[in-house]
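Along the sequence shown, residues carry numbers from 1. Note that the structure is predicted; figures quoted are calculated from it, not measured.
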Amino acid sequence: RSLRSAASPQQSPARFKDVANCVGLSLHEPRSAGAPSLKLGKVPRSASPEQLRCKLEWLRAEQRAEKLRVKAMQHSFSESMLLANKAKRRAEKKKASLDLREQIAKNVDKRIGHLTEELEAVDFATKGKSTDMFSQDSLASTAASSGGFGLNR
């Protein structure tokens, strides 16, 4: 019985076993994830035109399915690449911001150091003068330089 006559509406519908045998699939072998579903080998010389057409249709269907899988994987890959590039740019921006903040912190530390040194120098000079501050000579010189104590106005 040919597959064409088995698939006609007047006859009984084609059974999967018949189609699978036509294509050369084994119903008892489990399909591995990496292995192709069809074993592409030489077509036996005794194959009928219906069997050849059936095998051709199965191969075309598998080709369409694989093209769809490839397209989906390309889409997923390009999305992943876009996300990776976006993450890379974001990381570079964060690194630049971190470097800037570290530089600002170093500059503030330097300014604090310089101001601390100036304050210590002023404190040292002031402490050195503080013992002489209330002596008669320093009061007279201060009064003379400022034009008196400001009481005679």
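Interatomic distance, CZ of Arg90 versus CG of Leu83, reported as 8.5 Å (0.5 Å rounding). Taking CH2 from Trp58 and CD from Glu62, the interatomic distance works out to 9.0 Å, rounded to the nearest 0.5 Å. How far NE2 of His75 is from OG of Ser80: 9.5 Å, rounded to the nearest 0.5 Å. A distance of 6.5 Å separates CD of Glu79 from OG of Ser76, quoted to the nearest 0.5 Å. Here the CZ atom belonging to Arg60 is positioned 4.0 Å from the CG atom belonging to Leu56, to the nearest 0.5 angstrom.
With a 4.5 Å cut-off on side-chain heavy atoms, Arg64 and Leu68 do not count as touching.
Judged purely by atom type and a 3.5 angstrom limit, Ser97 has no side-chain atom pairing as donor or acceptor with the backbone of Lys93. Side chain of Thr116 to backbone of Ile112: a donor-acceptor contact under 3.5 angstrom is found.
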### CA sep, side-chain torsions, deciding dist, call: Lys67, Gln63, side-chain contact (heavy atoms from CB on, under 4.5 Å)
CA-CA 6 Å; Lys67 283 183 180 181; Gln63 181 186 35; 3.9 Å; yes
#### Entry: side-chain contact (heavy atoms from CB on, under 4.5 Å) evaluation trace for Glu102 with Leu98
CA-CA 6 Å; Glu102 286 176 344; Leu98 175 67; 3.9 Å; yes
### Task
Determine, step by step, whether Asn107 and Arg111 satisfy the side-chain contact (heavy atoms from CB on, under 4.5 Å) criterion, reporting the C-alpha distance in whole Å, the side-chain angles of both residues, the deciding distance to 0.1 Å, and the verdict.
CA-CA 6 Å; Asn107 289 341; Arg111 287 187 359 213; 5.6 Å; no
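Classification of Lys127 and Asp123 as a salt-bridged pair fails, no side-chain N sitting under 4.0 Å from a carboxylate O.
In this structure, Phe124 is not a member of the same hydrophobic cluster as Leu115, with clusters built from ILVMFWY side-chain heavy atoms closer than 4.5 Å.
Side-chain N/O atoms of His114 and Glu118 include no donor and acceptor closer than 3.5 Å.
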